[in-house]
There are 2 protein chains.
Amino acid sequence: MNGDPAENLLDEGQMEILRMAALCFMERGFAATSIDDVARKLGCTKGRIYHFFASKADLFFSVAEIGMEFNHKAIRSCEHIAAPFDRLRAMALAHSLSMIETRAYQHAVWQGVELHLRGATTPEQRNRLDALIASRDQYSDVFRDVMEQARERGELTYPDAGIARQLMLVALSSPMFWYKPRDAETLDDRIKVARQCVDFALSGLGARPPVKR
Amino acid sequence: MNGDPAENLLDEGQMEILRMAALCFMERGFAATSIDDVARKLGCTKGRIYHFFASKADLFFSVAEIGMEFNHKAIRSCEHIAAPFDRLRAMALAHSLSMIETRAYQHAVWQGVELHLRGATTPEQRNRLDALIASRDQYSDVFRDVMEQARERGELTYPDAGIARQLMLVALSSPMFWYKPRDAETLDDRIKVARQCVDFALSGLGARPPVKR
DNA sequence: GTCTATATACTGATAGAC
DNA sequence: GTCTATCAGTATATAGAC
């Protein structure tokens with residue numbers, strides 16, 4: 001993680017645990033990550049982790065929830081833009097950038113969503129997972145709404161709205177899987193990547209106003 | 001799995017195991033799936049599984065390799081098409097359809113690729129995994145090559161070829177994550193979905209010849 | 001070929017020292 | 001707050017009966 005935006009949400013002791021946990025969950029996945037793995041990455045024993053987090057699931061959901069907070073915060077900054085198409089483009093860029101800059105946390109979100117699709121949850125996890133999915137759905141709905149507004153104006157054209165939204169979000173989120181941070185990477189580098197994702201997605205939705213920058 | 005295309009590759013006894021294993025790996029992921037889970041889905045005990053497969057990893061890689069075979073076979077049927085753009089479109093449709101129709105196996109491929117990116121492999125798995133990744137890279141290169149041919153002809157426009165290929169394949173593969181097979185589903189239903197993915201991806205790549213069907 | 005043990009190892013979580 | 005020690009549960013894989 002570079003310039004981790006979670007710095008100022010919780011006290012630093014817990015944030016360091018969450019940061020390393022996010023890295024472990026990204027590298028090996030939830031099921032294959034042991035608490036000892038996280039402790040090893042922290043350079044301590046699991047006693048420290050269990051002092052702050054009741055269970056491995058608790059730790060995982062804390063990571064994923066932070067990931068969704070990043071996303072909501074990212075697109076909130078676009079609310080003031082009046083024109084639907086412009087707002088959508090700004091949201092898309094913010095989302096794609098968020099995927100790059102908070103990769104580890106977003107992998108936890110992704111795994112959580114997959115867990116839900118699989119229906120593989122224990123009763124104790126269910127409430128927490130349901131809340132995460134609700135947050136994800138709500139987030140997704142914001143995109144759907146602004147997409148539909150743009151379509152009504154004839155600025156987008158696509159047959160099925162549900163599929164279009166999936167394709168849009170998958171494309172915009174995909175950097176979290178294939179983006180490799182370089183050594184002396186700048187914000188500008190990241191923006192350039194995110195922009196290509198945005199152009200791809202908007203063109204894919206049949207953007208009428210040729211995608212201007 | 002519906003009309004499973006793996007039917008005629010191995011003898012039916014092993015194929016049934018692989019089919020159920022693919023389902024389990026899709027539902028819970030590799031790490032969270034136990035051999036007993038697979039056995040339970042088969043309605044037998046793990047003795048039967050270990051008679052044919054040396055280890056859980058062996059079972060998993062067998063599933064993933066079959067998944068890649070499906071893909072290679074799918075795009076091989078497009079080789080005869082001369083015009084790059086038309087060939088690309090046919091390949092894209094074949095790929096997207098393959099993702100829908102062999103979902104379970106493709107989830108194993110995906111997990112294998114992620115395992116590789118994470119570098120989380122035991123020495124014994126490494127060779128098998130390396131081969132899987134090589135197969136995936138080779139497959140991916142076929143797309144890259146035909147994309148570049150179309151770009152040279154001015155039929156596609158995108159800034160970075162590497163990113164474009166990732167976006168293309170992610171969009172085309174995404175149905176394996178969100179496609180929900182319906183009850184009385186026909187081939188035509190699947191084709192309709194795949195087509196929207198193809199149109200999205202090609203338009204996203206700046207297809208000049210307005211995507212005709 | 002398939003099943004029934006069983007050996008062996010690992011992981012999540014707890015309790016108590018410091 | 002963090003560490004050490006430990007328990008209980010579960011999973012991979014094997015060996016041998018049938």
Side-chain angles (χ1 to χ4, degrees), chain A residues 10-64 108 111-112 115 118 120-129, chain B residues 10-64 108 111-112 115 118 120-129:
Chain A
L10 284 176
D11 72 88
E12 177 53 22
Q14 301 182 41
M15 269 316 301
E16 191 190 5
I17 297 176
L18 289 167
R19 206 157 42 228
M20 295 307 161
L23 287 176
C24 288
F25 290 142
M26 174 171 63
E27 289 168 7
R28 310 191 180 186
F30 172 72
T33 297
S34 72
I35 298 287
D36 282 318
D37 287 333
V38 181
R40 198 175 308 123
K41 184 153 286 196
L42 280 162
C44 67
T45 65
K46 52 186 163 192
R48 181 174 159 199
I49 297 173
Y50 277 110
H51 180 71
F52 292 102
F53 300 92
S55 67
K56 182 174 148 181
D58 180 32
L59 181 60
F60 173 78
F61 283 119
S62 298
V63 170
Q111 289 179 60
L115 223 65
R118 294 164 177 163
T121 56
T122 67
E124 54 136 347
Q125 302 174 7
R126 183 139 307 165
N127 286 341
R128 202 86 178 271
L129 182 52
Chain B
L10 283 175
D11 72 86
E12 177 52 23
Q14 301 182 40
M15 270 315 302
E16 191 190 5
I17 297 176
L18 289 167
R19 204 157 42 229
M20 295 306 162
L23 287 176
C24 287
F25 290 143
M26 173 171 65
E27 289 168 7
R28 310 193 179 184
F30 172 72
T33 298
S34 73
I35 299 287
D36 282 319
D37 287 334
V38 181
R40 199 175 307 125
K41 183 154 286 194
L42 281 162
C44 68
T45 67
K46 52 186 160 192
R48 180 175 161 198
I49 297 173
Y50 277 109
H51 180 72
F52 292 102
F53 300 92
S55 67
K56 182 174 146 181
D58 180 32
L59 181 59
F60 174 79
F61 284 119
S62 298
V63 170
Q111 289 178 61
L115 221 66
R118 293 163 180 166
T121 57
T122 66
E124 54 136 346
Q125 302 174 6
R126 185 141 305 166
N127 286 341
R128 201 84 178 272
L129 182 51

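Proteins come first, then strands; the chains are lettered A, B, ... in the order of their sequence lines, and each starts at number 1. In this text the structure is predicted, and so the values were computed from the model without any measurement.
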Selection: residues 30-41 of chain B, any non-hydrogen atom under 4.0 Å of DNA chain C: none
Between Arg48(A) (CZ) and dA15(C) (C1'), how many Å, whole number? 20 Å
Please examine the side chains of Glu27(B) and Asp37(B), heavy atoms only from C-beta on, and report whether any two atoms are closer than 4.5 Å. no
For the atom pair CG (Asn127(B)) and CZ (Phe61(B)), what is the distance rounded to the nearest 0.5 Å? 10.0 Å
Atom NE2 of His51(A) and atom C1' of dG16(C): how far apart are they, to the nearest Å? 15 Å
Return the value, rounded to whole Å, for the distance between atom NZ of Lys46(A) and atom P of dC3(D). 12 Å
Applying side-chain contact (heavy atoms from CB on, under 4.5 Å), can you list everything that pairs with Asp58(A), at least two apart in sequence or on another chain? Phe53(A), Ala54(A), Ser55(A), Ser62(A), Arg128(A)
The answer to which of Gly47(B) and Tyr50(B) contacts DNA chain D further toward the 5' end, by nearest nucleotide, is Tyr50(B)
On DNA chain C, check which nucleotide each of Lys56(A) and Gly43(B) is closest to and give me the residue with the more 5' one. Gly43(B)
For the pair made of CG in Leu42(A) and P in dT2(D), what is the distance, rounded to whole Å? 10 Å
Rounded interatomic separation in angstrom, taking CZ from Phe53(B) and C1' from dA13(D): 16 Å
Hey, what do you get for CD (Glu16(A)) to NZ (Lys41(A)), rounding to the nearest 0.5 Å? 12.5 Å
Separation of dC3(D) C1' from Phe52(A) CZ (nearest whole Å): 14 Å
Is any side-chain heavy atom of Leu18(B) closer than 4.5 Å to one of Leu59(B)? yes
Value for CD (Gln125(B)) from NZ (Lys56(B)), rounded to nearest 0.5 Å, stands at 9.5 Å
